[in-house]
S.K.: 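Structure below; questions to follow.
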Amino acid sequence: MKHILVAFDGSQPAQRAFEFALSLADKFGCGIHVLAVARPPEPPEEVETEAEIESAREHYQQQFTVLQARAAKAGVKASFVVLVGHPAEQIVHYAETHAIDHIVMGHRGKTFFRRWLLGSVSKQVIHYAHCTTTIVR
């Protein structure tokens, strides 16, 4: 294993997924990629979309500062990226284009009905990812 991708949305499960990925990276001597995805509002309106995406980027960059310090303290090389789009699509595409060996992500704990009706990002990633995917609760 050389590259681990952490899908990060700022939630508690995502924090736990980051910690799990750090421990894997330390154990296997590999680096991690931390990916946050800013989802544009629907229906998109140009002015509102730009403002919301910029706000999301700033929010994730602030959270990344704390994660960067934790990775440095653990001695793990980490890169941090914010992309725009549908989370599952962006996670799978990033994994494919960056030779990711393992995806780690948190479980949001939606109710069964909501998962059935809307699907879940983790379910879609598991279905379409080319590599091992671990869901951390």
Side-chain angles (χ1 to χ4, degrees):
M1 187 170 2
K2 294 181 181 177
H3 302 281
I4 299 171
L5 173 61
V6 180
F8 187 81
D9 64 4
S11 66
Q12 280 299 108
Q15 296 280 346
R16 288 191 294 274
F18 178 80
E19 293 299 327
F20 179 76
L22 272 182
S23 67
L24 278 179
D26 183 46
K27 183 175 185 174
F28 290 99
C30 59
I32 63 173
H33 301 246
V34 180
L35 173 65
V37 181
R39 191 171 193 163
E42 293 180 24
E45 292 185 22
E46 195 169 318
V47 173
E48 181 180 304
T49 300
E50 290 295 322
E52 199 160 317
I53 290 171
E54 187 56 35
S55 175
R57 284 185 199 272
E58 290 173 8
H59 173 75
Y60 286 126
Q61 291 300 335
Q62 289 174 351
Q63 290 188 332
F64 286 171
T65 302
V66 174
L67 300 181
Q68 286 171 330
R70 287 165 50 196
K73 184 177 179 181
V76 173
K77 182 180 176 191
S79 62
F80 296 84
V81 179
V82 179
L83 298 178
V84 177
H86 185 277
E89 289 175 7
Q90 294 300 322
I91 293 164
V92 170
H93 182 263
Y94 187 93
E96 290 172 350
T97 59
H98 289 83
I100 299 298
D101 304 303
H102 193 139
I103 300 171
V104 179
M105 53 193 308
H107 183 271
R108 293 297 299 263
K110 293 180 181 174
T111 64
F112 172 76
F113 180 73
R114 186 163 173 175
R115 280 194 317 267
W116 175 79
L117 184 63
L118 302 174
S120 72
V121 172
S122 56
K123 183 178 176 182
Q124 291 171 2
V125 170
I126 288 170
H127 186 73
Y128 292 106
H130 71 284
C131 60
T132 302
T133 303
T134 300
I135 307 300
V136 177
R137 289 185 182 255

S.K.: Below 4.5 Å, heavy atoms only, C-beta onward: do Thr132 and Met1 meet side chain to side chain?
M.R.: no
S.K.: Tell me which pairs pass ring-ring contact (aromatic ring centres under 6.0 Å, His included) where either residue lies in residues 53-77, with sequence neighbours left out.
M.R.: Phe64-Phe80
S.K.: Just wondering, more than 12 heavy atoms not from His93 lying within 6.0 Å of its NE2?
M.R.: no
S.K.: Please answer: with hydrophobic residues joined when any side-chain heavy atoms are less than 4.5 Å apart, are Val92 and Met105 in the same cluster?
M.R.: yes
S.K.: Please report the closest heavy-atom contact between Ala21 and Val6, naming both atoms and the distance.
M.R.: CB-CG2, 3.2 Å
S.K.: Taking Leu83 as the starting point, is it possible to reach Leu5 by hopping between hydrophobic residues whose side chains are less than 4.5 Å apart?
M.R.: yes
S.K.: Are the side chains of Arg39 and Pro87 in contact, using a 4.5 Å heavy-atom criterion?
M.R.: yes
S.K.: Have His107 and Ser122 got a donor and an acceptor in their side chains that come within less than 3.5 Å?
M.R.: no
S.K.: Can you pull out every side chain to side chain donor-acceptor pair (under 3.5 Å) where at least one residue sits in residues 26-37? Sequence neighbours excluded, please.
M.R.: His3-His33, His33-Ser79, His33-Tyr94
S.K.: Taking the side chain as C-beta and beyond, is there a heavy-atom pair between Arg57 and Val84 under 4.5 Å?
M.R.: yes
S.K.: Measuring from Gln61:CD to Gln63:CD, what's the distance to the nearest 0.5 Å?
M.R.: 10.5 Å
S.K.: Do Phe8 and Ile103 share a hydrophobic cluster, counting only Ile, Leu, Val, Met, Phe, Trp and Tyr and linking them when any side-chain heavy atoms are less than 4.5 Å apart?
M.R.: no
S.K.: Which pairs with one or both residues in residues 9-31 pass ring-ring contact (aromatic ring centres under 6.0 Å, His included), sequence neighbours excluded?
M.R.: none
S.K.: Is it true that Val37 and Val82 fall in one hydrophobic cluster, defined by side-chain heavy atoms closer than 4.5 Å?
M.R.: no
S.K.: May I ask you to test the Arg16-Glu19 pair for a side-chain heavy-atom distance under 4.5 Å?
M.R.: no
S.K.: Do Leu67 and Val81 belong together in a cluster built from hydrophobic side chains that touch within less than 4.5 Å?
M.R.: no
S.K.: For the residue pair Gly106 and Ala17, what are the closest heavy atoms and their distance?
M.R.: N-CB, 3.7 Å
S.K.: Taking atom types as modelled, find out whether Arg70 and Gln15 have a side-chain donor-acceptor pair closer than 3.5 angstrom.
M.R.: yes
S.K.: Taking all atoms of both residues into account, what is the closest heavy-atom pair of Ile53 and Pro40, and its distance?
M.R.: CD1-CB, 4.3 Å
S.K.: Please name the pair of heavy atoms, one in Ala25 and one in Ile4, separated by the smallest distance, quoted to 0.1 Å.
M.R.: N-CD1, 3.7 Å
